[in-house]
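Each chain gets a letter, A, B and so on, in the order the sequences are listed, and its residues count up from 1.
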There are 2 protein chains.
Amino acid sequence: MRTTVHDVADAAGVSVSTVSRALTGGSVSPATRATVMAAAERLGYRPNRTARGLITGRTGNYGLIVPDLQNPFFADIAKGVSARARAVDGGVFITDTDEDVSAELEALATLGRNTDGVLLCSPRATDAELKEAADPETTVLVHRQVPGMLSISADIAAGTRQAIDHLRALGHRRIAFLAGPDESWAGAQRLATLAEYDKKPEYDEKPESNDKTDKTGVEILRFGSVAPTFEGGVLAGDLVLASTATAVLAYNDLVAMGLLHRLAARGVPVPERMSVVGYDDISLAAMSHPPLTTVAVPKGRAGAAALELLLRRVGGAGKPATTVREREVTLPTGLVVRASSGLAPTTSG
Amino acid sequence: MRTTVHDVADAAGVSVSTVSRALTGGSVSPATRATVMAAAERLGYRPNRTARGLITGRTGNYGLIVPDLQNPFFADIAKGVSARARAVDGGVFITDTDEDVSAELEALATLGRNTDGVLLCSPRATDAELKEAADPETTVLVHRQVPGMLSISADIAAGTRQAIDHLRALGHRRIAFLAGPDESWAGAQRLATLAEYDKKPEYDEKPESNDKTDKTGVEILRFGSVAPTFEGGVLAGDLVLASTATAVLAYNDLVAMGLLHRLAARGVPVPERMSVVGYDDISLAAMSHPPLTTVAVPKGRAGAAALELLLRRVGGAGKPATTVREREVTLPTGLVVRASSGLAPTTSG
DNA sequence: AAATTCCCTGCATACGTTTGCAAGGGAGTC
DNA sequence: GACTCCCTTGCAAACGTATGCAGGGAATTT
């Protein structure tokens with residue numbers, strides 16, 4: 001049987017209340033505290049979070065729901081969350097829903113009941129589903145934004161612009177975009193930003209836009225939707241080669257790597273004949289052949305920030321976030337230029 | 001406030017005990033059960049695991065400790081565990097220890113107290129540390145074996161032999177082995193098996209060995225230890241090229257991919273001039289360039305099996321494993337031949 | 001020196017759930 | 001028709017911890 005607070009109390013010759021107070025920082029005389037601490041140490045006592053949570057109403061446990069742990073993107077987020085949780089001595093339940101939205105909602109309900117709050121990576125559920133299933137006070141969305149809900153997301157628009165502007169500066173005029181799943185929130189963000197490049201120049205002059213880059217003279221060719229996987233990229237390779245595009249912005253790094261693979265198999269040199277830019281900057285991106293130019297998105301940091309946001313709300317530490325800016329945090333993105341992007345081929349070549 | 005069993009009882013017009021029994025499968029009349037179920041459904045009731053665990057002594061929660069979630073090998077294990085846990089409606093705490101052994105032991109103590117049992121991926125702690133920190137009845141080691149403790153591991157010896165025999169059959173006579181960290185249990189297993197190839201032929205005749213393959217005529221060149229990472233592989237590339245080896249067995253796939261990367265950078269064609277074999281068969285292995293021949297090790301399956309072993313012991317379902325064969329499970333491995341291994345170059349070439 | 005204050009400690013209760021025990025009622029059997 | 005048996009249900013206790021409340025003792029004040 002595990003040692004309980006009673007065992008410690010007996011060993012120290014005091015009551016259970018004193019033990020509890022000694023360990024949680026209540027008002028106890030220094031001498032008693034020392035005795036209790038010694039006894040607890042000697043017996044290897046660890047408080048039972050379960051029982052503690054019952055009375056305090058807080059468990060010190062948090063939930064994280066991801067569609068696929070095998071996907072490095074989510075693995076990175078999980079690592080960030082875990083690291084932060086360890087620092088505050090909290091536990092984190094991780095549920096892999098295998099890309100199944102209904103499992104996601106189910107996990108949300110269960111975890112919501114058994115934790116102090118849950119971090120949710122849900123690219124595919126609808127806004128309405130999320131608003132209905134989640135407690136807006138104890139749920140924070142990661143890499144997704146829904147009005148009125150707590151969220152940590154990345155500045156996808158800025159990242160997308162950087163990628164296109166990079167390719168444009170290299171002389172590319174026809175750029176393919178490999179779209180991901182239609183339901184994906186992040187995918188919709190990318191498309192919305194790319195649509196700017198189709199607009200007339202005067203649209204860029206609206207005063208609220210602080211985006212001064214020139215968006216003319218480049219044409220975006222949309223392909224897909226493709227599966228957001230290596231296989232999806234392989235498939236897209238032939239599509240892209242059949243077009244007039246000289247550069248490709250992939251939905252994510254996995255797709256970009258599949259694309260690279262297919263291009264290599266067809267003997268197309270990268271970046272000499274085709275530039276490839278990925279999205280996310282997962283660790284594999286640096287290992288690809290050639291190393292992948294990609295839009296870096298904070299992952300571990302987003303996970304840590306998400307937990308932090310939760311802690312401030314339920315943890316009592318500091319005042320809870322109130323303004324929209326505090327409730328819906330946007331983290332910066334940045335283009336990482338590696339070897340897969342280069343000058344556009346000359347028309348004569 | 002969350003809905004409790006009391007709320008459901010009021011709504012259904014019965015006592016809390018009846019609600020409890022209706023939901024956990026006690027003896028209740030079909031009519032009342034239906035009423036209770038309906039009320040529970042309507043109120044969105046989820047039992048509080050915390051409180052349940054307090055009385056039953058079982059929480060339905062399990063712990064998983066891994067050194068690095070970012071490493072696809074452990075991500076795969078975590079996914080397997082999560083999937084199995086979801087099937088039995090259990091929760092799983094995942095702790096990423098960031099390769100820190102002391103954090104591992106600390107997590108083991110905390111999780112051991114707050115869960116029904118913990119799954120431990122600890123390649124680097126010593127046997128003694130593990131035996132002291134872990135409860136042998138509720139801890140199962142994953143991909144590691146310690147006498148007397150529950151474990152799920154892979155048949156590393158068989159996998160290693162398959163890899164070497166494969167290369168030997170392709171005509172390779174001098175094979176480099178890239179050793180991983182010295183403390184690694186799996187690494188020690190690989191080395192022990194490779195040592196067989198250095199022994200005199202008569203050693204293979206000992207009756208208890210069911211291994212009939214010819215181990216003569218091949219020389220193992222050991223390099224390392226190298227870090228078990230992509231970077232470690234890059235580093236090893238130059239070492240291998242400076243030797244007379246015509247084939248390489250890497251410590252794991254990450255190392256193999258780094259090696260591939262370096263070989264490509266130095267213009268060495270694979271497998272024409274150098275064959276490369278990895279270990280683990282992580283999902284990236286199929287995406288490398290060229291696709292990697294590698295020893296497939298069960299990962300998700302190992303995770304699921306580990307949880308299964310735990311469930312049989314503490315879950316009450318079935319009789320707990322008693323024989324050594326049941327307590328220390330070994331899963332099969334198998335070589336997956338892809339494009340990175342081929343015929344040995346002719347000496348004239 | 002007596003009274004007041006404050007610090008420390010123990011007792012008892014509460015948290016949400018499960019479960020042993022006992023009571024009630026309906027049906028089946030003699 | 002009465003008795004027995006079993007099924008169903010409610011009451012109450014228990015799990016391990018935290019905390020309000022009150023009591024006791026020492027220290028400080030008048």
Exercise. According to a strict under-4.0 Å criterion, is A/Arg113 in side-chain N/O contact with OP1 or OP2 of C/dT17?
Worked result: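 A/Arg113 to C/dT17 OP1/OP2: side-chain N or O found under 4.0 Å.
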Problem set entry | Residues B/Glu104, B/Arg124: salt bridge by 4.0 Å N-O rule |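 The answer is no: the pair does not qualify as a salt bridge.
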Exercise. Should B/Asp96 and A/Arg86 count as an ion pair when the cut-off is N to O under 4.0 Å?
Worked result: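 Between A/Arg86 and B/Asp96 there is no salt bridge, as every charged N stays at least 4.0 Å from the carboxylate O atoms.
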Problem set entry | Whole-Å distance separating the CZ atom of A/Arg58 from the C1' atom of C/dC15 |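 These atoms are roughly 16 Å apart.
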Exercise. Which whole-number value in Å describes the distance from B/Asp10 CG to C/dG16 P?
Worked result: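 Rounding to the nearest Å, CG of B/Asp10 and P of C/dG16 are 13 Å apart.
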Exercise. Between A/Ile55 and B/Val5, which is nearer to the 5' end of DNA chain C once each is assigned its nearest nucleotide?
Worked result: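 Nearest nucleotide further toward 5': that of A/Ile55.
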Exercise. Any ring-ring contact (aromatic ring centres under 6.0 Å, His included) pairs touching residues 9-58 of chain A, not counting sequence neighbours?
Worked result: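 Pairs touching residues 9-58 of chain A that pass the test: none.
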For this session: Only pairs at least two apart or in different chains count here, so list each ring-ring contact (aromatic ring centres under 6.0 Å, His included) that has a residue in residues 75-126 of chain A.
Result: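 For residues 75-126 of chain A: A/Phe93-B/Phe93.
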For this session: Step by step, work out the side chain to side chain contact (heavy atoms under 4.5 Å, CB included) result for B/Leu309 and B/Ile152.
Result: CA-CA 9 Å; B/Leu309 186 56; B/Ile152 303 284; 4.2 Å; yes
Exercise. Considering residues at least two apart in sequence or located in another chain, which fulfil the ring pair (Phe, Tyr, Trp, His ring centres under 6.0 Å) criterion with B/Phe74?
Worked result: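 None.
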For this session: Using side chain to side chain contact (heavy atoms under 4.5 Å, CB included) as the criterion, point out the one residue from A/Thr50, A/Asp116, A/Leu54 that pairs with A/Thr59.
Result: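 Output: one option passes, namely A/Asp116.
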Problem set entry | side chain to side chain contact (heavy atoms under 4.5 Å, CB included) between B/Val66 and B/Thr95, worked out | CA-CA 6 Å; B/Val66 293; B/Thr95 300; over 6 Å; no
For this session: Take the C1' atoms of the five end pairs on each side of the helix from C/dA1-D/dT30 to C/dC30-D/dG1, derive the two axes, and give their angle rounded to 10 degrees.
Result: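 Both end axes considered, the difference amounts to 50°.
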For this session: Check each residue of residues 35-50 of chain B for a non-hydrogen atom within less than 4.0 Å of any atom in DNA chain C, then write out the ones that pass by number, or none.
Result: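 Of all residues in residues 35-50 of chain B, the ones placing a heavy atom under 4.0 Å from DNA chain C are B/Tyr45, B/Pro47, B/Asn48.
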Problem set entry | Reference residue B/Arg313; test salt bridge (charged side-chain N to carboxylate O under 4.0 Å, His left out); the match among B/Glu326, B/Glu308, B/Glu137 |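 Result: among B/Glu326, B/Glu308, B/Glu137, B/Glu137 is the only option passing the salt bridge (charged side-chain N to carboxylate O under 4.0 Å, His left out) with B/Arg313.
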Exercise. Is it true that the side chains of A/Thr32 and A/Thr35 contain a donor and an acceptor less than 3.5 Å apart?
Worked result: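 Side-chain D/A pair, A/Thr32 to A/Thr35: absent.
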Short heteroatom pairs, N/O only, protein and nucleotides 9-11 of chain C, under 3.5 Å:
{"unit_1": "C/dT9", "atom_1": "OP1", "unit_2": "A/Ser29", "atom_2": "OG", "d": "3.3"}
{"unit_1": "C/dT9", "atom_1": "OP1", "unit_2": "A/Thr32", "atom_2": "OG1", "d": "2.3"}
{"unit_1": "C/dT9", "atom_1": "OP2", "unit_2": "A/Ser29", "atom_2": "N", "d": "3.1"}
{"unit_1": "C/dT9", "atom_1": "OP2", "unit_2": "A/Thr32", "atom_2": "OG1", "d": "3.3"}
{"unit_1": "C/dG10", "atom_1": "OP2", "unit_2": "A/Ser15", "atom_2": "N", "d": "3.0"}
{"unit_1": "C/dG10", "atom_1": "OP2", "unit_2": "A/Ser15", "atom_2": "OG", "d": "3.0"}
{"unit_1": "C/dG10", "atom_1": "OP2", "unit_2": "A/Thr18", "atom_2": "OG1", "d": "2.5"}
{"unit_1": "C/dG10", "atom_1": "N7", "unit_2": "A/Arg21", "atom_2": "NH2", "d": "2.9"}
{"unit_1": "C/dG10", "atom_1": "O6", "unit_2": "A/Arg21", "atom_2": "NH1", "d": "3.4"}
{"unit_1": "C/dG10", "atom_1": "O6", "unit_2": "A/Arg21", "atom_2": "NH2", "d": "2.7"}
{"unit_1": "C/dC11", "atom_1": "N4", "unit_2": "A/Ser17", "atom_2": "OG", "d": "2.9"}

For this session: Could you pick out which residue, B/Pro30 or B/Leu54, lies toward the 5' side of DNA chain D when each is mapped onto its nearest nucleotide?
Result: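 Residue closer to the 5' terminus by nearest nucleotide: B/Pro30.
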For this session: Please lay out, stage by stage, how A/Cys121 and A/Ile77 fare under the test side chain to side chain contact (heavy atoms under 4.5 Å, CB included).
Result: CA-CA 9 Å; A/Cys121 298; A/Ile77 291 176; 4.0 Å; yes
